[in-house]
Amino acid sequence: MKKFSLIGTMVLLLVFSLVACSNASGGSSGNSEGTIKVGGKGFTEQQILSTMTSIYLKEKGYDVEEASNMGSTVVRKALENGQVDMYWEYTGTALVIFQKQDPLADSEKAYQKVKETDEKDGLMWLEKADLNNTYSILMKEEKAKNLGIKSISDLANYVDKNPNKLKFASNAEFYAREDGMKGLQEHYGFEFPSKNVVKMDSGLLYNALKDGQVDVSVGFATDGRIKGFNLLALEDDKNFFPAYNVAPVVREKVLNKYPELNDLMNKVSGNLNTEAMMQLNYKVDVEHKEVSKVARNWLKEQGLIE
């Protein structure tokens, strides 16, 4: 019996020791700053941003519940209903899709508009990042150089003179949206023949362009495959595409409860820009590195965590 009691005492001491260590390292103990539910959408950039936020807040002492890989409308509803407390949203998406307003190409005007409108519904936009993930019109660098195309105006002029020479790849959403294919062609005064427009899933666009199945494609400005596949984003020289700056959006009740979130998340936004995000996306999509490792390494590089 004495031997059993000694072993039992040692086990209890070990358990207490582990609990103490957990508390000292900021684990999910009574020392927690509180619980934050972080949402995210289902594409690479959003997975990086939501993972980055979760790691960052955990390092700052919060318990974090993650709800990623949601559709754009789903995560917005989840925020409105209190199922998530915060997520990263794009100004253009909020303005056009959720607030049903006309798109704005001016980044600051778009941000102020969505911020003021959402505040009325208790959704608080923190500082936007210098990261504009707007639509881009892409070509292979070599092809664009050979044809003398640097801007969308150059492309429009080429298509007008050679209407059947180039094939354009589009996903279904861009093809159907007023601020997509139709609006782009009206704004720049050109038109791809319908037989030269190839519709495909978003995930196939970049490979189709890289492999020469098409000559031009819609894409997104921060996608890492632009760099990885030697693509060129044509200059939007007539400012057609709306601003899609990203920012953390937090429920007002949560921000009132944890006001320090404002400064914490603004430090993250302040270190993000289009080039940085493209590099992060590149590491995941092209180099196939784990999202969590990419996110954590970036936070360390910026001095946001140790």
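- Looking at Pro193 and Asn164, their side chains come closer than 4.5 Å, going by heavy atoms from C-beta outward.
- Residue Lys257 holds its NZ atom at 8.5 Å from CG of Asp85, rounded to the nearest 0.5 Å.
- Following chains of ILVMFWY side-chain contacts shorter than 4.5 Å, one cannot reach Phe241 starting from Ile97, and the two form parts of different hydrophobic clusters.
- Atoms CG and NZ, on Leu299 and Lys267 in that order, are 12.5 Å from each other to the nearest 0.5 Å.
- When all heavy atoms of Ala221 and Met278 are compared, the pair lying nearest together is O-CE, 3.1 Å.
- To the nearest 0.5 Å, atoms CG (Leu234) and OG (Ser136) are separated by 8.5 Å.
- A salt bridge (charged side-chain N to carboxylate O under 4.0 Å, His left out) with Asp215 is found for exactly one of Lys143, Lys167, Lys210, Lys165, namely Lys143.
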Exercise for review: Could you check Arg76 against Tyr87 for side chain to side chain contact (heavy atoms under 4.5 Å, CB included), going step by step and ending with a plain yes or no?
Suggested key: CA-CA 9 Å; Arg76 169 75 177 202; Tyr87 78 104; 3.7 Å; yes
Review point. Please walk me through it: do Phe192 and Phe168 pass ring-ring contact (aromatic ring centres under 6.0 Å, His included)?
Key: CA-CA 8 Å; Phe192 273 97; Phe168 184 93; 5.2 Å; yes
Check your understanding: Between Leu280 and Met52, is a side chain to side chain contact (heavy atoms under 4.5 Å, CB included) present by the stated rule, with each step listed?
Key -> CA-CA 11 Å; Leu280 293 170; Met52 184 186 296; 3.9 Å; yes
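- A donor-acceptor pair under 3.5 Å is absent between the side-chain atoms of Asn133 and the main chain of Tyr244, judged by distance alone.
- Side-chain atoms of Lys238 and His187, non-hydrogen and from C-beta on, do get closer than 4.5 Å to each other.
- Looking only at distances, no side-chain donor or acceptor of Asn207 sits under 3.5 Å from a matching main-chain atom of Leu204.
- The hydrophobic cluster containing Leu49 also contains Val250, counting ILVMFWY residues as joined when their side-chain heavy atoms lie under 4.5 angstrom apart, directly or transitively.
- Residue Val249 is grouped with residue Leu104 when hydrophobic side chains (ILVMFWY) are merged at heavy-atom distances under 4.5 angstrom, including chains of intermediate members.
- Without hydrogens or angle criteria, Thr117 side chain to Val114 main chain gives no donor-acceptor distance under 3.5 Å.
- Glu127 and Ser269 make their closest contact through O-OG, 3.0 Å (heavy atoms, listed as atom of the first residue, atom of the second, distance).
- Transitive grouping of hydrophobic side chains (ILVMFWY, heavy atoms separated by less than 4.5 Å) brings Tyr188 and Tyr175 into a common cluster.
- Identified under the side-chain hydrogen bond (donor to acceptor under 3.5 Å, both in side chains) test for residues 291-306, with sequence neighbours left out: Glu59-Arg296.
- Annotation: side chain of Met265 is in contact with side chain of Leu57 (closest heavy-atom distance under 4.5 Å).
- The shortest side-chain heavy-atom distance between Ser72 and Phe98 falls under the 4.5 Å cut-off.
- At least one side-chain heavy atom of Leu255 sits under 4.5 Å from a side-chain heavy atom of Leu126.
- Residues Ser153 and Asp237 come closest through the heavy atom pair OG-OD2, 2.5 Å.
- Classification of Asp106 and Lys113 as a salt-bridged pair fails, no side-chain N sitting under 4.0 Å from a carboxylate O.
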Point to revise | side chain to side chain contact (heavy atoms under 4.5 Å, CB included) assessment of Leu205 paired with Val218 | key: CA-CA 7 Å; Leu205 294 169; Val218 66; 3.9 Å; yes
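- With sequence neighbours excluded, no residue forms a side-chain hydrogen bond (donor to acceptor under 3.5 Å, both in side chains) with Ser170.
- Aromatic ring centres of Tyr158 and Phe190: separated by at least 6.0 Å.
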Review point. For Met139 and Ile149, what are the C-alpha separation, side-chain angles and deciding distance, and is it a side chain to side chain contact (heavy atoms under 4.5 Å, CB included)?
Key: CA-CA 9 Å; Met139 294 183 69; Ile149 297 175; 3.9 Å; yes
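- For Thr35 (side chain) and Val64 (main-chain N/O), no donor-acceptor pair under 3.5 Å exists by modelled atom type.
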Check your understanding: Do Lys77 and Gln83 pass the side chain to side chain donor-acceptor pair (under 3.5 Å) test, and can you show the C-alpha distance, the side-chain angles, and the key distance before you say yes or no?
Key -> CA-CA 8 Å; Lys77 287 293 182 184; Gln83 294 166 303; over 6 Å; no
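- Atom CG of residue Leu131 and atom CG of residue Asn271 lie 12.0 Å apart, to the nearest 0.5 angstrom.
- With hydrogens and angles disregarded, a donor-acceptor distance shorter than 3.5 Å links the side chain of Gln46 to the backbone of Trp88.
- Each of Asp285, Asp223, Asn281 was evaluated against Thr44; a single residue qualifies, Asp285, per the side chain to side chain donor-acceptor pair (under 3.5 Å) test.
- Judged by distance alone, the side chain of Asp121 and the main-chain N or O of Leu123 form no donor-acceptor pair under 3.5 Å.
- With salt bridges taken as basic N to acidic carboxylate O contacts below 4.0 Å, none links Glu191 and Lys182.
- Ile305 and Ile36 fall within a single hydrophobic cluster, where Ile, Leu, Val, Met, Phe, Trp and Tyr side chains are chained together by heavy-atom contacts under 4.5 Å.
- Side-chain contact between Ser107 and Asn245 is present, with heavy atoms from C-beta onward closer than 4.5 Å.
- Trp125 CH2 to Lys115 NZ: the interatomic distance, rounded to the nearest 0.5 Å, is 11.0 Å.
- Between Lys41 and Glu89, at least one side-chain N (NZ, or NE/NH1/NH2) sits under 4.0 Å from a carboxylate O, which counts as a salt bridge.
- Glu80 and Arg251 are not joined by a salt bridge, as no carboxylate oxygen comes within less than 4.0 angstrom of a charged side-chain nitrogen.
- With a 4.5 Å cut-off on side-chain heavy atoms, Met200 and Asn171 do not count as touching.
- Side-chain N or O atoms of Asp118 include none that pairs as donor or acceptor with a backbone N or O of Met124 at under 3.5 Å.
- Residue Glu142 places its CD atom among 12 or fewer non-hydrogen atoms of other residues, nucleotides or ligands, all under 6.0 Å distant.
- Minimum interatomic distance between Ile137 and Ile152 (heavy atoms only, all atoms of both residues): CG1-CD1, 3.9 Å.
- Minimum interatomic distance between Val286 and Gly228 (heavy atoms only, all atoms of both residues): CG2-CA, 4.3 Å.
- Taking the centre of each ring, Tyr135 and Phe220 come in below the 6.0 Å mark.
- Between the CD1 atom of Ile226 and the CG atom of Leu138 there is a distance of 5.0 Å, given to the nearest 0.5 Å.
- With hydrogens and angles disregarded, no donor-acceptor distance shorter than 3.5 Å links the side chain of Asp201 to the backbone of Gly203.
- Here the shortest heavy-atom pairing between Leu209 and Ser217 reads CD2-CB, 4.0 Å.
- No donor-acceptor pair closer than 3.5 Å links the side chain of Thr222 to the backbone N or O of Met277.
- At least one side-chain heavy atom of Leu304 sits under 4.5 Å from a side-chain heavy atom of Val268.
- Of the possible donor and acceptor atoms, none in the side chain of Tyr111 sits under 3.5 Å from a partner among the backbone N and O of Ala243.
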